[in-house]
Protein chains: 2
Amino acid sequence: MEDRIERIKKQLHAASYKLTPQREATVRVLLENEEDHLSAEDVYLLVKEKSPEIGLATVYRTLELLTELKIVDKINFGDGVSRYDLRQEGATRFHHHLICTECGAVEEIQEDLLGEVEKQVEKAWNFKVKDHRLSFYGMCHACQEKLVQQET
Amino acid sequence: MEDRIERIKKQLHAASYKLTPQREATVRVLLENEEDHLSAEDVYLLVKEKSPEIGLATVYRTLELLTELKIVDKINFGDGVSRYDLRQEGATRFHHHLICTECGAVEEIQEDLLGEVEKQVEKAWNFKVKDHRLSFYGMCHACQEKLVQQET
DNA sequence: GTAGCTGCAAAAGTTTTGCAGAACC
DNA sequence: GGTTCTGCAAAACTTTTGCAGCTAC
């Protein structure tokens with residue numbers, strides 16, 4: 001935890017930004033909720049619990065900054081709000097999501113599934129791939145089970 | 001063109017909706033601009049050229065309806081607006097995008113690149129895949145060329 | 001006549017911006 | 001002192017909703 005903060009601090013400094021208390025509080029919330037996909041509002045409310053004086057605009061500005069530095073990824077599940085996700089340490093590629101259209105659960109996949117596909121795209125379309133986003137929509141294991149039970 | 005309208009009309013009827021003049025005008029704009037990724041506002045302005053009396057809310061309602069019937073896909077490139085894309089005739093899966101981060105160009109890939117990957121996901125995560133979204137970010141051929149020229 | 005659809009205007013919700021003041025070298 | 005950053009409030013945008021009226025069988 002502390003070492004990850006330290007590393008993020010260095011990344012900010014390298015780009016001539018400071019890790020202010022507000023920014024640190026925001027980053028801590030992201031680290032503590034790494035499993036979730038928080039919206040700006042979510043982050044704001046969580047940061048407020050520990051730093052009640054923070055403003056929503058600051059959270060937005062911080063998240064924008066972190067996105068720019070590729071410390072977080074800004075993602076969109078189509079529900080009208082942007083969500084923010086910490087990148088895995090050292091990850092150069094975006095991770096993937098399994099989104100259950102029944103219950104709304106979102107599972108993350110860190111494995112890189114697209115190595116081969118990327119090569120194919122680079123070759124066939126002459127496109128230099130730098131990043132990718134992949135989401136699968138369907139039914140998670142739990143909802144499949146539920147369905148089977150209903151049918152009996 | 002006319003036959004595609006006709007088919008969409010049938011799809012609407014099958015779900016007990018009508019192809020009203022406003023809806024038809026909206027669908028025509030989508031067909032005429034199939035290459036682009038129009039936002040609701042874009043569609044509205046284009047529809048207005050031929051049907052000036054149409055309201056923005058109607059366009060939104062029509063696009064929502066078409067999305068629900070899977071005639072169009074609602075997509076998001078992270079620029080704050082939703083965009084709408086006609087599905088290929090008979091396509092059951094979402095197509096893919098190559099997004100150039102230099103010039104903003106968006107190219108479509110209709111090929112299904114993910115057959116194998118999907119099987120892998122279904123097996124390893126016990127997740128029944130129904131649809132997927134894949135976008136690659138990077139540099140298009142034209143921008144790569146431009147870069148090479150600058151360097152010389 | 002009733003059910004579905006539309007246009008307008010207002011509302012809702014998210015995100016950005018302007019600005020004066022605070023913090024930090 | 002100058003630069004960066006913050007909090008507040010207002011503004012800007014996109015999208016949704018309420019409602020009265022229209023359309024089409």
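These values consider heavy atoms only, across backbone and side chains, with no hydrogens, waters or symmetry-generated copies. Lettering follows sequence order; numbering is per chain, from 1.
Residue contacts shown for Ser16(B) are absent, as no nucleic acid heavy atom lies under 4.0 Å away. Using a 4.0 Å heavy-atom cutoff across all strands shown, Ile54(B) reaches sugar-phosphate atoms only and no base atom. Within 4.0 Å (heavy atoms only), Ser39(B) reaches no atom of the nucleic acid at all.
Nucleotide dC5(C) holds its P atom 8 Å from the CG atom of Leu65(B), rounded to whole Å. Look at CG on Leu56(B): it is 13 Å from P on dA9(C), rounded to the nearest Å. Note: CZ (Arg23(A)) to P (dC24(C)) measures 13 Å, nearest angstrom. Rounded to whole angstrom, the span from the OH atom of Tyr60(B) across to the P atom of dA11(C) amounts to 19 Å. Atoms CD (Gln22(A)) and C1' (dA22(C)) sit 10 Å apart, rounded to a whole Å. As rounded to whole Å, 14 Å separates atom C1' of dC13(D) from atom CG of Asp42(B). Counting to the nearest Å, the P atom of dC5(D) and the CG atom of Leu63(A) are 15 Å from each other. For Glu41(A) and dA12(C), the CD to P distance is 16 Å, given to the nearest whole Å.
Residue Thr20(B) places none of its side-chain N or O atoms closer than 4.0 Å to OP1 or OP2 of dT23(D). Put simply, Ser82(B) has a side-chain N or O that comes within less than 4.0 Å of OP1 or OP2 on dT15(D).
Taking hydrophobic clusters as Ile, Leu, Val, Met, Phe, Trp and Tyr residues chained together by side-chain heavy-atom distances below 4.5 Å, Leu19(A) shares a cluster with Leu65(A). There is a path of hydrophobic side-chain contacts, each under 4.5 Å, that joins Tyr60(A) to Leu66(A).
Gln144(B) places a side-chain N or O within donor-acceptor distance of the main-chain N or O of Asn126(A), the cut-off being under 3.5 Å.
The other residues sharing a hydrophobic cluster with Trp125(A) are Leu98(A), Ile109(A), Leu113(A), Leu114(A), Val117(A), Val121(A), Phe127(A), Val129(A), Leu134(A), Phe136(A), Leu98(B), Ile109(B), Leu113(B), Leu114(B), Val117(B), Val121(B), Trp125(B), Phe127(B), Val129(B), Leu134(B), Phe136(B), where clustering joins ILVMFWY side chains under 4.5 Å apart.
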Worked verdict on His132(A) versus His96(A) for side-chain contact (heavy atoms from CB on, under 4.5 Å):
CA-CA 9 Å; His132(A) 57 231; His96(A) 316 306; 3.3 Å; yes
Stepwise side-chain contact (heavy atoms from CB on, under 4.5 Å) check, Glu41(A) with Val81(A)
CA-CA 9 Å; Glu41(A) 182 87 26; Val81(A) 292; over 6 Å; no
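Minimum atom distance to the side chain of Ala57(A) is reached by dC8(D), of the listed dG7(C), dT4(D), dC8(D).
Annotation: side chain of Arg28(B) is not in contact with side chain of Lys50(B) (no heavy-atom distance under 4.5 Å).
At a cut-off of 3.5 angstrom, counting only N and O atoms as typed in the model, there is a donor on one side and an acceptor on the other between the side-chain of Arg61(B) and the base of dG7(C).
Across residues 46-53 of chain A, Glu53(A) each have a non-hydrogen atom less than 4.0 Å from an atom of DNA chain D (numbered order).
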